[in-house]
Amino acid sequence: MKTPNMLEAKKRTNNKVNILYDEYKITNDMKIGKNKTYHIKTYGCQMNEHDTEMMCAMLEEMGYTKCDEMEEADVILLNTCAIRENAHNKVFGMLGRIKHLREKRPNIIVGLCGCMAQEEVVIDEIKNKLKWLDLVFGTHNIHRLPVLLNEVSRKKEQEIEVYSKEGDIIENLPYIRDNKFKSWVNIMYGCDKFCTYCIVPYTRGKQRSRKHEDIVREVENLIKDGVVEITLLGQNVNAYGKDLYENYGMENLLEDVAKTGIQRIKFVTSHPWDFTDKMIEIINKYDNVLPFIHLPVQSGSDRILKLMGRRYTKESYLTLFSKMREQIRNVSITTDIIVGFPGETEEDFNETLKLYEQCKFDLAYTFIYSPRVGTPAAKMKDDVSEDEKKERLARLNEKVNKYALESNKKLLNKTVSVLIEGISEKDENILTGYTDTNKLINVVGNKENIGKIVNVKVCDAKTWSLDGIIE
Ligand code: SAH
Ligand code: SF4
Ligand code: F3S
């Protein structure tokens, strides 16, 4: 048994990161999944979605097949998220359901992985109250899934293997893409920013950039495989390379990826701290780098930003924001905001509303602050009532909706570039896709356009989506 430790998870040393190319192997005796099925539930961010794609590939290499119904699967995995309390609650609720299932079908194997597995409090709870859970592994050892599953199915006793370490880079893990035309591409792992409210630096380890040649090779292979759009993934993509190179950063990587000729490139998430003018230049220089930037601001109050450890001010955020709006044609900028951070006053919150009015974001993801055990903010005095926090969130969301609609309405009767991804779940005569500014659009047009980038005339604009017709 190997369990996590928050103090260990916090450590950052100058030790060299190991880049391991041959760590993942499946031997014939590990292929225990013949005639068996698996089901994975995924919570949290794009990193987790992409990790799930990797686990799917490993399980299929072991012989398992995917099963859409959890109730019928032989192996059930929950790939969890620790970012807020409600993410936790959802998982524990689901485990309650699965426990009943296991009573009826004692031979199924149930596992928990992802960011919650990296939390000491969660592992303590599992050891005390969830003894029936078969397997727990963390974010650093996903590649060990086949080995661990083999052990569990042989031994039939709880297996917990979670490492609290700065982390290695495991190259050459297979993955099965959820979407034929789009792919996530990890460019870095972990985070060293340690924003005071955030659990990610503890659950994902130290910032580790992949080598640029490994990333470019992956993109070239995706092109060969028919992929049209990639999203470069990292908690803090603008800091790419800082841990690995003297003179090679996100600007260089973006340029090298753009030169591969892949049709569309997105990147998330950008921390305002590391966003350079050169980045703006590259976005403008290459047509395949989309004019879409997710730039979380978190708060509009300098006092709160300081307490959050974000290391920028409202002023410097606004300067960067205006530069993007002025210099990148048709750019769409979205953000994340936390309300009810410990000690946030009405005045602080009004600063956030004011900033929102100024920026008129194309969209925002808004959250009520949730204390995470082990983070500095969890120890700060929090005297804002839950009702007050909810009320602030509602007031903020009113603005989010207003400006999201306004942003969409600007596109009415305009022609936009859309990657058609598939058929709408609600109406089989309608296609769906995303514009180059990352807006969801329902499209009337021929199914032959699926997987293609086409021009679409926008004929209706709603808060969350657009409607259009292929030209
Ligand atoms: N790396 C990204 C964010 C990753 S987490 C960045 O720095 O922008 C996604 C969002 O969850 C964050 O932007 C933040 O708005 C929110 N979040 C993180 N920790 C939170 C917490 N403890 N309570 C509420 N929201 C939180
Ligand atoms: Fe969390 Fe801050 Fe890192 Fe984003 S940059 S993952 S909010 S610590
Ligand atoms: Fe959640 Fe972990 Fe992502 S905490 S948001 S799944 S990095």
Side-chain angles (χ1 to χ4, degrees), residues 1-4 20 22-44 47-81 91 94-95 97-99 101-119 122-123 126-127 130-165 167-168 170-178 203:
M1 188 187 300
K2 182 82 194 82
T3 56
L20 306 169
D22 300 309
E23 201 62 12
Y24 168 79
K25 261 186 224 91
I26 291 226
T27 50
N28 272 336
D29 56 327
M30 285 155 85
K31 297 185 180 170
I32 54 172
K34 207 165 164 256
N35 300 326
K36 291 196 177 135
T37 61
Y38 72 92
H39 182 91
I40 307 182
K41 292 228 176 287
T42 311
Y43 303 82
M47 318 262 158
N48 262 15
E49 282 181 39
H50 192 39
D51 286 348
T52 290
E53 292 182 333
M54 292 181 190
M55 292 192 278
C56 289
M58 290 184 229
L59 289 165
E60 299 203 5
E61 287 186 3
M62 291 173 76
Y64 290 98
T65 46
K66 193 172 179 171
C67 171
D68 290 333
E69 301 300 324
M70 179 180 82
E71 281 71 16
E72 290 161 20
D74 298 299
V75 173
I76 301 173
L77 293 179
L78 303 186
N79 190 8
T80 63
C81 169
V91 168
M94 183 55 72
L95 283 171
R97 255 178 72 187
I98 298 174
K99 186 175 179 222
L101 197 61
R102 221 183 93 137
E103 279 157 12
K104 277 190 260 164
R105 299 178 56 217
N107 287 331
I108 63 174
I109 294 179
V110 185
L112 183 144
C113 57
C115 287
M116 271 171 72
Q118 297 289 146
E119 291 183 286
V122 171
I123 297 299
I126 289 173
K127 283 198 298 195
L130 298 168
K131 296 199 171 77
W132 59 270
L133 195 60
D134 301 292
L135 173 62
V136 182
F137 57 100
T139 57
H140 294 301
N141 54 347
I142 286 174
H143 61 286
R144 298 252 308 150
L145 173 60
V147 175
L148 295 171
L149 211 48
N150 266 273
E151 275 173 28
V152 165
S153 60
R154 245 194 335 265
K155 286 196 304 205
K156 280 279 165 207
E157 62 185 45
Q158 191 173 63
E159 174 80 35
I160 300 180
E161 187 181 278
V162 181
Y163 293 94
S164 292
K165 56 179 184 179
D168 302 323
I170 314 288
E171 286 291 342
N172 297 329
L173 289 186
Y175 55 91
I176 296 175
R177 290 191 314 275
D178 222 20
T203 63

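Each residue takes its place number in the sequence, starting with 1.
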Check whether Glu159 reaches the backbone of Leu148 with its side chain - one donor and one acceptor, N or O, closer than 3.5 Å.
no
Minimum heavy-atom distance Ile160-Gln158, with the two atoms named:
CD1-OE1, 3.9 Å
Any chance you could measure Leu133, atom CG, to Arg102, atom CZ, to the nearest 0.5 Å?
8.0 Å
Which heavy atom of Cys81 sits nearest a heavy atom of Gly44, and at what distance?
CB-CA, 3.4 Å
Do Tyr24 and Leu145 make a side-chain contact, defined as non-hydrogen atoms from C-beta onward lying under 4.5 Å apart?
no
Side-chain contact test, heavy atoms from C-beta onward, threshold under 4.5 Å: evaluate it for Asp74 versus Arg105 and give yes or no.
yes
For Ile170 and Leu20, run side-chain contact (heavy atoms from CB on, under 4.5 Å): C-alpha distance rounded to whole Å, both residues' side-chain angles, the deciding distance at 0.1 Å, then the answer.
CA-CA 5 Å; Ile170 314 288; Leu20 306 169; 3.9 Å; yes
So, the side chain of Lys25 versus the backbone of Asp22: is there a donor-acceptor pair under 3.5 Å, distance only?
yes
In this structure, NZ of Lys36 is separated from CG of Leu149 (nearest 0.5 Å) by 9.0 Å
Has Lys155 got more than 12 heavy atoms of other residues, nucleotides or ligands less than 6.0 Å from its NZ?
yes
Measure from the side-chain N and O atoms of His140 to the backbone N and O of Gly167, and report whether any donor-acceptor pair falls under 3.5 Å.
no
Please say which of Leu78, Val122, Asn79 ends up in a side chain to side chain contact (heavy atoms under 4.5 Å, CB included) with Val91.
Leu78
Flag, side chain of Glu161 to backbone of Phe137, donor-acceptor distance under 3.5 Å:
no
Nearest heavy-atom pair of Asn150 and Asp29: which atoms, and what distance?
OD1-O, 3.6 Å
Mind listing the closest non-hydrogen atom pair of Glu72 and Cys67 along with its distance?
CB-SG, 3.9 Å
Validation row: Ile98, Met70 side chains within 4.5 angstrom (heavy atoms)
yes
Could you tell me which non-hydrogen atom of Ile32 sits nearest to which non-hydrogen atom of Ser153, and how far apart they are?
CD1-OG, 3.4 Å
Under 4.5 Å between any side-chain heavy atoms of Tyr43 and Cys115, yes or no?
no
Arg97/Glu71 salt bridge by N-O under 4.0 Å criterion
yes
Inspect the surroundings of NZ in Lys66 and state if more than 12 heavy atoms from other residues, nucleotides or ligands are less than 6.0 Å away.
no
Under a 4.5 Å cut-off applied to non-hydrogen side-chain atoms, are Glu60 and Tyr38 in contact?
yes
May I ask you to test the Ile40-Met55 pair for a side-chain heavy-atom distance under 4.5 Å?
yes
Check whether Asn141 reaches the backbone of Gly138 with its side chain - one donor and one acceptor, N or O, closer than 3.5 Å.
yes
Asp51 side-chain N/O to Ile142 backbone N/O, donor-acceptor pair under 3.5 Å:
no
Do Thr52 and Glu49 have side chains that get closer than 4.5 Å, going by heavy atoms?
no
Atom NE2 of His39 and atom CG of Asp68: how far apart are they, to the nearest 0.5 Å?
7.5 Å
Is there a side-chain contact between Thr65 and Thr37 in this structure, where contact means two heavy atoms from C-beta onward sitting under 4.5 Å apart?
yes
Is there a donor-acceptor pair closer than 3.5 Å between any side-chain N or O of Glu157 and the backbone N or O of Asp134?
no
Could you check whether any side-chain N or O of Glu119 sits under 3.5 Å from a backbone N or O of Thr203, counting only pairs where one atom can act as donor and the other as acceptor?
no
Between the NZ atom in Lys41 and the CG atom in Leu112, the distance rounded to the nearest 0.5 Å is 13.5 Å
Once rounded to the nearest 0.5 Å, what's the spacing between atom CD1 of Ile76 and atom CG of Leu135?
12.5 Å
Dump the intermediate steps for side-chain contact (heavy atoms from CB on, under 4.5 Å) on Leu173 and Met58, then the final yes or no.
CA-CA 8 Å; Leu173 289 186; Met58 290 184 229; 4.3 Å; yes
Would you compute the distance between atom CH2 of Trp132 and atom CD1 of Ile126 and round it to the nearest 0.5 angstrom?
9.5 Å
Measure across Ala117 and Pro4 and return the closest heavy-atom pair with its distance rounded to 0.1 Å.
O-CG, 3.6 Å
side-chain contact (heavy atoms from CB on, under 4.5 Å) evaluation trace for Arg154 with Glu151
CA-CA 5 Å; Arg154 245 194 335 265; Glu151 275 173 28; 3.8 Å; yes
Would you check if the side chain of Thr80 reaches a backbone N or O of Cys113 as a donor-acceptor pair within less than 3.5 Å?
yes
